[in-house]
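Below: the structure, in structure tokens.
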Amino acid sequence: MNKKYIAIIASAVAAVIAGAYACSSTRNYHKIIVVTGATPLALKQDADKNISLEVSGNTKKIYKFDEESINAFASVYIRTREVDSKGELEGTYRYTGVQVLNIIEGIAPEKPKDALFDRPLDMVVTFISSSGKQSHFSYGELTMTDDVKPVILAYHRTELVSSKSTPEKPYTLNKHKGELTGLRLICPGDNDTARYLDDVTKIIIREIPVDNTEFPLMTKGFRCVADSVKTVHNGRVLPLNLNGVETASTQNWFRTGHGQGFKGVSSASGYNLRSLLRKNFPGAGEDNYFLFVACDGYRTLFSGREIFNTAAGKSMMMLSEMDGRKTRGGMSLGPVSDYYVDRETWGLTHIMMIDNVQDIK
């Protein structure tokens with residue numbers, strides 16, 4: 001290679017390394033970064049000291065993480081556009097952190113011996129801050145969904161500002177200033193920041209108490225058929241009403257299970273889940289939770305926020321046909337944007353609306 005070109009390449013590499021070293025060695029990540037092509041922004045960042053996280057509840061043991069164990073996880077670098085629940089802008093930011101899935105998939109859930117369902121898909125995951133504030137998620141929305149907009153525990157934040165921002169005329173639209181203290185829960189898939197949480201110190205995985213009187217018992221390997229679906233709310237049991245519910249369909253649904261692997265590429269049709277829930281549970285919305293139970297006792301829990309407040313929720317369906325044939329065993333729940341199809345609850349017999357999940361006291 002021509003010596004002239006070698007010198008140019010070496011100079012460019014040295015400039016990038018020097019810029020990266022200058023950024024990483026100062027540790028001044030709290031400074032505002034103006035987006036230009038001069039310095040790469042996606043530099044390796046580690047969690048600072050004094051970070052502490054405990055995961056407990058219905059688990060085989062109590063799991064504890066410090067900054068060293070947090071730094072052992074693969075880091076995620078993600079941009080957010082944050083709007084509060086009133087529609088007010090909170091700002092635009094870059095975060096470095098750990099995908100919650102990466103933590104949860106290393107935690108072994110353990111239900112009570114008398115639990116009616118032996119899997120964690122009907123459980124709630126509660127995040128608790130040092131101040132006692134709490135945010136709740138279904139176990140499935142953290143583990144079965146895709147990685148397009150993952151829930152993150154972030155340990156670094158950088159403001160994103162206009163490239164025209166100057167010290168004389170600084171960008172003023174970002175509400176949050178300075179570096180993070182502890183771990184910040186961010187939920188890029190949500191339409192607002194209602195579930196965002198600062199300084200998360202605990203995660204608790206738990207069952208929520210429900211009245212199981214109406215529900216079938218779990219029977220593994222039972223090939224059952226559900227002739228009808230009932231709705232349950234506050235002890236009131238009614239037949240599912242499909243009159244006026246919006247229809248829905250999907251094509252090229254790539255179906256793979258967490259345990260059994262690839263199941264095929266399918267077409268499916270049925271009813272829009274948002275429309276169905278609003279028809280059968282007047283006032284249903286983001287604060288509610290929905291438990292879906294099948295004739296063999298299989299069950300899955302969804303938060304109202306994932307159904308009514310995310311793009312994935314918009315595509316969720318109640319399936320009546322798949323690949324041109326009636327769904328096996330009766331109607332089936334179809335969260336068609338999930339990565340794994342484990343929440344596809346076939347042979348559905350009951351849908352229960354839970355008004356809300358209580359905070360842990």
Side-chain angles (χ1 to χ4, degrees), residues 83-87 121-122 124 135-142 144-146 149 187 189-195 208 210-211 214-215 226-250 253 268-295 298-322 326-327 330-338 341 343-358:
V83 178
D84 68 19
S85 56
K86 298 179 181 178
L121 289 177
D122 61 341
V124 167
S135 289
H136 311 291
F137 294 75
S138 74
Y139 185 90
E141 71 180 301
L142 298 175
M144 295 296 146
T145 51
D146 63 26
K149 291 185 176 181
C187 322
D190 287 7
N191 290 331
D192 58 46
T193 59
R195 291 198 290 185
I208 54 175
V210 297
D211 182 358
E214 282 286 322
F215 302 150
D227 296 323
S228 62
V229 181
K230 297 178 181 178
T231 63
V232 184
H233 182 226
N234 290 335
R236 187 179 182 184
V237 182
L238 295 172
L240 184 70
N241 183 0
L242 295 176
N243 293 329
V245 175
E246 297 173 12
T247 58
S249 63
T250 188
W253 179 16
S269 61
Y271 301 90
N272 177 271
L273 186 61
R274 288 182 180 178
S275 176
L276 182 146
L277 293 176
R278 285 173 173 150
K279 177 69 175 182
N280 287 272
F281 301 99
E286 298 172 1
D287 294 332
N288 305 126
Y289 285 73
F290 299 89
L291 182 66
F292 298 84
V293 184
C295 55
Y298 196 93
R299 54 177 69 186
T300 53
L301 181 74
F302 285 70
S303 73
R305 293 197 68 84
E306 65 178 310
I307 295 172
F308 294 106
N309 193 262
T310 69
K314 189 175 182 179
S315 67
M316 291 179 185
M317 300 168 56
M318 185 65 67
L319 308 176
S320 57
E321 291 188 359
M322 186 176 294
K326 288 186 176 181
T327 49
M331 298 193 74
S332 174
L333 176 64
V336 298
S337 293
D338 277 8
V341 297
R343 298 199 292 177
E344 179 193 335
T345 310
W346 59 267
L348 198 68
T349 59
H350 295 82
I351 306 172
M352 172 184 275
M353 186 172 84
I354 302 163
D355 288 333
N356 56 61
V357 170
Q358 297 295 321

What pair of heavy atoms forms the shortest contact from [X] to [Y], and how long is it?
X	Y	result
Phe290	Gly304	CE1-CA, 4.2 Å
Gly270	Ser320	CA-OG, 3.6 Å
Glu344	Ser332	CG-OG, 3.5 Å

Tell me, please, which residues at least two apart from [X] pass ring pair (Phe, Tyr, Trp, His ring centres under 6.0 Å).
X	value
Tyr271	none
Tyr139	none
Phe302	Phe292

*Under the salt bridge (Lys or Arg N to Asp or Glu O under 4.0 Å) rule, collect the residues that match up with Arg274, sequence neighbours excluded.*
none
What pairs with [X] under side-chain hydrogen bond (donor to acceptor under 3.5 Å, both in side chains), at least two apart in sequence or on another chain?
X	value
Thr193	Glu90
Thr300	Thr345
Ser303	Glu141
Asn241	Asn243

*Take Leu277 and Lys279 through the side-chain contact (heavy atoms from CB on, under 4.5 Å) test and state the conclusion after the steps.*
CA-CA 5 Å; Leu277 293 176; Lys279 177 69 175 182; over 6 Å; no
*Any pair with a residue in residues 305-315 that passes side chain to side chain donor-acceptor pair (under 3.5 Å), sequence neighbours left out, goes on the list, sorted by first then second residue, please.*
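The answer is Ser138-Glu306, Asp192-Arg305, Glu286-Arg305, Glu286-Asn309, Arg305-Asn309, Glu306-Arg343, Ser315-Ser337.
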Going from [atom1] on [X] to [atom2] on [Y], what distance comes out if it is rounded to the nearest 0.5 angstrom?
X	Y	atom1	atom2	result
Lys149	Cys187	NZ	SG	12.0 Å
Leu242	Met331	CG	CE	5.0 Å
Leu276	Thr247	CG	OG1	12.0 Å

Between [X] and [Y], is any pair of side-chain heavy atoms under 4.5 Å apart?
X	Y	value
Met352	Arg299	no
Val232	Leu291	no
Leu319	Trp253	yes
Met318	Leu348	yes
Leu333	Leu273	yes
Met316	Ile307	yes
Val245	Asn272	no

*Any donor-acceptor pair under 3.5 Å linking the side chain of Arg195 with the backbone of His136?*
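Checking the backbone N and O of His136 against the side chain of Arg195, a donor-acceptor pair under 3.5 Å is found.
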_Could you check whether any side-chain N or O of Asn288 sits under 3.5 Å from a backbone N or O of Asp355, counting only pairs where one atom can act as donor and the other as acceptor?_
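A pair under 3.5 Å: yes.
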Applying side chain to side chain contact (heavy atoms under 4.5 Å, CB included), name anything that partners [X], two or more places apart in sequence or on another chain.
X	answer
Ser269	Ser249, Glu321
Glu214	Lys230, Val237, His350
Thr231	Leu238, Leu240, Asn280, Phe281

*Might you work through the side-chain contact (heavy atoms from CB on, under 4.5 Å) test for Asp122 and Val210, ending with a clear yes or no?*
CA-CA 11 Å; Asp122 61 341; Val210 297; over 6 Å; no
